[in-house]
Amino acid sequence: MKFHRDILRIDCKAESERICGFIRQQVKEQRREGAVVGISGGVDSALAAALCTSALSKSKVLGLILPERDSNPISAEYALSYAATLGINTITIDITPALEIMGAYQKRDEVIKRLFPEYTGQYKSKITLPPDILTRDAYNFFSLKIDDGRGNIKSARLDSRGIKTIIAATNIKQRTRMIYLYNYAEMNNYLVCGTTNHSEDIQGFFVKYGDGGVDIEPLARLYKTQVYQLAGHLGINREILEREPSPDTYSLSQSDEEFYFRMPYDILDLLLYAWENRVPLAEVCQVLSLTEEQVKRAFRDFGAKAKTTRHLHTMPPALE
């Protein structure tokens with residue numbers, strides 16, 4: 001098929017029916033009675049909840065809302081609002097106490113205070129990658145940003161030990177949510193429905209045994225732009241559709257683009273498709289109005305992330 005800008009356009013009705021059929025089949029084959037979905041207030045989890053509801057009926061879907069102290073308060077508000085629109089039951093659990101017991105915040109803050117001694121609990125923070133990979137080549141090194149709440153922002157590059165510690169502490173959040181999801185799934189004989197889309201899956205933008213620890217991944221063949229197409233078709237609330245995609249794991253506002261992908265989804269998905277399907281370089285450049293160096297730079301980044309995160313997709317090796 002010739003590469004073009006609308007190549008990721010989908011038949012939303014047919015795709016919805018295909019995914020709903022998959023959900024019903026998995027519930028039947030795994031001998032479950034319904035599905036638990038962690039609803040975050042973002043478009044992916046809203047779509048997963050909508051598809052599960054369509055496939056199984058609203059009485060067979062439970063939405064878990066699992067905020068913590070760094071979460072944007074609007075996330076839980078949007079999640080509750082959309083769950084009410086679907087008519088599904090929800091349970092909200094603040095996981096902050098569990099994270100405090102495990103030292104998630106303490107370990108992160110120790111790293112921050114080494115760089116910024118003035119840092120207190122009143123500050124907000126996040127980590128970011130260098131912006132706009134299409135404009136300039138740069139290694140995937142992380143920087144730490146803090147905001148004192150009065151608009152005074154400071155930034156410093158993190159060393160290897162610092163970034164590993166912060167990411168490890170942050171990933172505890174996703175793994176804690178997984179524990180709650182499976183607890184309620186087992187109590188109800190439900191399966192845990194994942195919310196990872198294809199753009200995230202192929203580049204390893206999920207936590208092993210965290211948001212990657214699920215029973216089914218109904219969105220795993222949908223690029224993020226296709227998630228938006230299907231979400232619009234199913235009437236997901238406008239405030240969710242218009243919200244900037246974010247991991248929502250750091251107290252300072254942070255987008256998926258600045259945290260991981262380094263480019264907007266509308267161009268990311270087309271480049272990912274071209275990379276996966278080995279579209280000729282000249283064709284990609286012509287269709288997307290990019291230079292060869294820009295496309296090569298993006299492809300190198302995709303390849304590096306796919307290679308580095310390959311282990312996330314595999315079961316642990318077993319000695320035969």
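- In this structure, the side chain of S251 engages the main chain of S125 through a donor-acceptor pair within 3.5 Å.
- With no hydrogens or angles considered, no side-chain donor-acceptor pair links D215 and Y190 at under 3.5 Å.
- Here ring pair (Phe, Tyr, Trp, His ring centres under 6.0 Å) pairs that include residues 3-38, with residues two or more places apart or in two chains, number zero.
- For E29, the salt bridge (charged side-chain N to carboxylate O under 4.0 Å, His left out) test picks out no residue, with sequence neighbours left out.
- At least one side-chain heavy atom of D70 sits under 4.5 Å from a side-chain heavy atom of R108.
- Remark: R24 CZ is packed, more than 12 non-hydrogen atoms of other residues, nucleotides or ligands lying under 6.0 Å away.
- A side-chain N or O of D269 and one of S199 form a donor-acceptor pair less than 3.5 Å apart.
- Using a 4.5 Å heavy-atom cutoff, the side chains of E239 and R243 are not in contact.
- The one candidate from E276, Q203, E217 that meets the side-chain hydrogen bond (donor to acceptor under 3.5 Å, both in side chains) condition with H198 is E276.
- Listed by chain and residue number, T96 satisfy the side chain to side chain donor-acceptor pair (under 3.5 Å) test with D94 (two or more places apart in sequence, or in another chain).
- Between the side chain of Q254 and the backbone N or O of T249 there is no donor-acceptor pair closer than 3.5 Å.
- A search for side chain to side chain donor-acceptor pair (under 3.5 Å) contacts involving D211 returns nothing, not counting sequence neighbours.
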Would you list the atom pairs, donor with acceptor, under 3.5 Å between side chains in residues 46-63 and any protein atom, with sequence neighbours excluded?
{"residue": "T53", "atom": "OG1", "partner": "A49", "partner atom": "O", "Å": "2.8"}
{"residue": "S57", "atom": "OG", "partner": "S59", "partner atom": "OG", "Å": "3.2"}

Q) Can L271 and L134 be said to form a side-chain contact (heavy atoms from CB on, under 4.5 Å), step by step? A) CA-CA 11 Å; L271 284 168; L134 296 179; 4.1 Å; yes
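- A donor-acceptor pair shorter than 3.5 Å cannot be found between the side chains of Y260 and E200.
- Taking 4.0 Å as the cut-off between side-chain N and carboxylate O, E17 and K13 count as a salt-bridged pair.
- Listed by chain and residue number, nothing satisfies the side chain to side chain donor-acceptor pair (under 3.5 Å) test with H311 (two or more places apart in sequence, or in another chain).
- What you find for G41 and I240 is that their closest heavy atoms are O-CG1, 3.9 Å.
- Of all heavy-atom pairs between K113 and Y119, the closest is CE-O, 3.6 Å.
- Checking side-chain atoms of N277 against main-chain N and O of V279 turns up no donor-acceptor pair under 3.5 Å.
- Remark: Q286 CD is loosely packed, at most 12 non-hydrogen atoms of other residues, nucleotides or ligands lying under 6.0 Å away.
- The backbone N or O of S253 sits less than 3.5 Å from a side-chain atom of K126, completing a donor-acceptor pair.
- Residues S155 and F116 approach most closely at C-CZ, 3.8 Å, considering heavy atoms.
- Between D159 and R161 there is no salt bridge, since no side-chain N of the basic residue sits under 4.0 Å from a carboxylate O of the acidic one.
- Taking the six-membered ring for Trp and thresholds of 30 and 60 degrees, F206 and H313 have ring planes more than 60 degrees apart, a perpendicular arrangement.
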